[in-house]
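Inspection log for the structure reproduced underneath, given as structure tokens.
Heads up: numbering here begins at 1 and tracks the sequence. Side-chain atoms are counted along with the backbone in the values below, which use heavy atoms only and exclude waters and symmetry mates.
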Amino acid sequence: MKIKKLKDEIQRSFFMYAIGVLIFIFIVYGLSLAVSFQNSIVDPSNRSHEELIDQLDTGFTSYYQGVAELVENDTIHAFLQTGDYSREVYEKLYDFRNNEDLYAEFVLLDKNETLVATSFYDGMEDEVRRSIVLNNLIQKSNEQGMFGQRLNQQIRNQNDHVSYVIASPVIENDEINGYALFFLEQLSFANRPYTYVIDSNENVVFTNQDFGVTSLGKLNMPLNGKWVRHEGEDFYLKETVLTQLGLKIITLTPITIYWFLLFYGIASILISSFVILLMVWFVTPKIITSSLQPFDRLVAFMQAKKDQPFFQADHQYEEVQTIYEEYKSRVSEVERLMVENETILEKKRISEMKHLEAKFNPHFLFNVLEMIKYEIHTDPESASDMVVKTAKLMRYNANFGQTIVTLKEDITYLEDYFSLQKMRYGKRLDYQIDVNEELLTDARIPKLLLQPLIENAVKHNINQVSKLFIQLTVRRKGNKLFITLFDNGLGISAHELNEIRAIYSGENEAQEQTGLHTVHQLITLLYGHSYGLHMESTLEKGTTVSITLPFKERGIC
């Protein structure tokens with residue numbers, strides 16, 4: 001895991017917290033704008049729309065029911081036939097009109113289409129009588145009975161506020177006795193948003209705005225979805241269809257101002273956020289540098305591992321001074337323990353090395369004595385020569401004062417050792433030592449490092465093959481020395497090889513392979529776990545033991 005710097009982490013935290021705060025502000029602004037839009041646009045528009053629906057639905061329904069009752073009234077029938085009860089008829093018509101929420105002018109015609117009663121003021125009656133509109137309405141009433149529709153033509157030439165007409169024939173004994181017409185005047189939608197009442201043909205029946213209305217009285221707007229854009233203006237749309245009346249009620253509430261608020265609000269927040277983040281990015285490092293200066297000096301002190309005058313100053317932070325004092329105390333304690341531990345380890349290392357060297361001697365001496373015992377009976381001269389060579393080997397082996405020797409010294413020892421072994425086994429044993437001449441004097445290795453490995457190769461293979469060949473190769477690569485010992489013996493199976501590796505690496509307890517374990521342990525004690533012994537073997541093809549050592553021109557005693 002990558003190690004972070006405290007300054008960078010604090011700066012990043014400042015930056016992320018600043019971003020978090022700005023995002024929170026942005027969310028709060030968005031929510032407040034949404035709540036404001038809901039409370040000031042959507043809810044009032046919905047309430048106004050519902051009130052208008054209720055007003056129109058109730059008003060129109062009441063008019064249709066009232067007209068239906070009037071054309072069935074006996075007094076009106078008698079008036080149309082005889083002309084009597086005119087005062088009662090006017091009272092009924094005016095009472096009906098005045099009791100309704102929607103204001104209308106009425107016209108009552110007899111069966112000859114003669115105007116017999118009207119609410120239009122004096123002077124307008126002749127215009128009403130001559131109006132083509134009446135003829136069209138009477139004809140339609142004859143065909144359909146009671147009906148209501150938008151008034152497409154004016155009854156009079158000027159100041160006409162009539163927008164809708166409800167017409168019905170007065171029928172008695174299955175004959176038309178006259179006609180009743182109520183002309184609803186343009187409704188006033190004061191204190192309401194853009195309001196339109198249109199029929200199924202998109203004709204505007206009532207409206208409080210000319211916006212979006214063509215010269216032919218039709219509404220020309222894209223009414224899809226809840227949002228309408230027309231002539232550069234944006235509106236919130238609410239519409240309802242009154243199926244029974246064949247009318248559609250539309251209310252449009254301007255919302256352009258909210259788009260401006262949203263755009264400029266977001267722009268302001270983004271610009272402010274950029275400025276704030278820029279300040280945080282550039283100012284924070286200065287604040288952090290100033291605040292963490294004592295910690296930086298403390299870190300420098302720890303890295304330098306020496307005292308600094310800064311920490312003796314009176315203006316030091318209390319926390320930093322505490323860390324400094326604790327650190328000094330711990331460092332002193334660690335240094336003391338390290339000195340003691342190094343002394344103990346060095347004594348232990350020397351003791352273990354001496355112990356390992358001692359392990360070679362009995363094992364080697366036992367094998368040589370066995371050889372001499374055998375040769376005394378078969379070849380006394382050879383046995384005598386073996387005793388001399390053994391004495392030389394024992395002197396080299398018994399020299400405990402020197403742990404590291406030149407490669408040449410150990411190779412000379414091995415030549416004598418091989419010579420002793422060939423005296424015993426003759427042509428059944430052959431060997432080759434391949435070493436660069438420079439390495440003989442330059443390279444240094446632990447004494448008696450290779451003899452146990454050669455002894456193992458001879459012991460476990462000499463009676464298993466017709467001729468045992470052992471090859472020792474020493475090479476240098478950079479600052480490392482590589483020693484390879486190969487024998488053409490029977491080899492070892494994979495299972496046995498894994499067991500042997502576990503033994504010499506110390507994972508399992510050493511038994512037969514004490515020599516391998518001892519060699520590997522000695523190397524790791526001297527040079528560490530980066531160096532040591534490694535074994536490879538193939539059944540019936542032989543075994544290779546590789547040793548890796550550091551190349552050292554001066555030995556370690």
Taking [X] for the side chain and [Y] for the main chain, is one N or O donor matched with an acceptor at less than 3.5 Å?
X	Y	answer
Ser419	Glu415	no
Ser384	Pro380	no
Glu409	Thr406	yes
His520	Gly532	no
Thr195	Pro193	yes
Ser48	Ser45	no
Ser36	Ser32	no

Of all residues at least two apart in sequence or in a different chain, which pass the salt bridge (Lys or Arg N to Asp or Glu O under 4.0 Å) check with [X]?
X	result
Glu50	none
Asp43	none
Arg475	Asp434

Rounded to the nearest 0.5 Å, what separation is found between the [atom1] atom of [X] and the [atom2] atom of [Y]?
X	Y	atom1	atom2	result
Leu522	Leu533	CG	CG	11.5 Å
Ile269	Ile23	CD1	CD1	11.5 Å
Phe26	Ser272	CZ	OG	12.5 Å
Leu526	Tyr531	CG	OH	12.0 Å
Ile433	Ile411	CD1	CD1	5.0 Å
Arg444	Leu549	CZ	CG	14.0 Å

Taking the side chain as every heavy atom from C-beta outward, state whether [X] and [Y] have any atom pair closer than 4.5 Å.
X	Y	value
Leu429	Ile470	yes
Leu516	Met535	yes
Tyr431	Leu472	no
Pro550	Leu481	no
Asn46	Tyr236	yes
Asp442	Phe551	yes
Leu485	Ile547	no
Pro254	Tyr194	yes

Worksheet, complete the sentence: Shortest non-hydrogen pair, Lys422 vs Asp430, comes out as NZ-CA, 4.4 Å
Discussion item. Ignoring hydrogens, what is the shortest heavy-atom contact between Asn461 and Gly491? Give both atom names and the distance.
Written reply: OD1-N, 4.4 Å
Worksheet item: Got a salt bridge between Arg501 and Glu536, using NZ or NE/NH1/NH2 to carboxylate O under 4.0 Å?
Response: yes
Under a plain distance cut-off of 3.5 Å, with no hydrogens placed, do [Y] and [X] share a side-chain donor-acceptor pair?
X	Y	result
Thr543	Ser537	yes
Gln421	Tyr417	yes
Glu202	Tyr196	no

Fill in: Leu448/Tyr413 under side chain to side chain contact (heavy atoms under 4.5 Å, CB included): CA gap, chis, key distance, verdict
CA-CA 8 Å; Leu448 298 174; Tyr413 167 79; 3.4 Å; yes
Worksheet item: What residues form a ring pair (Phe, Tyr, Trp, His ring centres under 6.0 Å) with Phe274, not counting sequence neighbours?
Response: none
Worksheet entry | Pair His460-Gln464, side chain to side chain contact (heavy atoms under 4.5 Å, CB included): steps then yes or no | CA-CA 8 Å; His460 295 288; Gln464 307 298 328; over 6 Å; no
Worksheet item: How about Trp227 and Phe235: are their ring centres within less than 6.0 Å of each other?
Response: no
Discussion item. Determine whether Arg428 and Leu468 satisfy the following criterion, side chain to side chain contact (heavy atoms under 4.5 Å, CB included), listing intermediate values before the conclusion.
Written reply: CA-CA 6 Å; Arg428 292 174 57 197; Leu468 177 65; over 6 Å; no
Discussion item. With side-chain hydrogen bond (donor to acceptor under 3.5 Å, both in side chains) as the test, pick out the partner of Thr251 among Glu239, Lys238, His49.
Written reply: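 It is His49, the one option of Glu239, Lys238, His49 that forms the side-chain hydrogen bond (donor to acceptor under 3.5 Å, both in side chains) with Thr251.
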Worksheet entry | Verdict with reasoning, Leu237 to Leu223, per side chain to side chain contact (heavy atoms under 4.5 Å, CB included) | CA-CA 8 Å; Leu237 170 67; Leu223 304 176; 4.3 Å; yes
Fill in: Inter- and intrachain pairs under salt bridge (Lys or Arg N to Asp or Glu O under 4.0 Å), touching residues 269-279, at least two apart
none
Practice prompt. Mind jotting down which residue pairs meet the salt bridge (Lys or Arg N to Asp or Glu O under 4.0 Å) criterion with at least one end in residues 225-237? Sequence neighbours excluded, please.
Written response: Arg229-Asp234
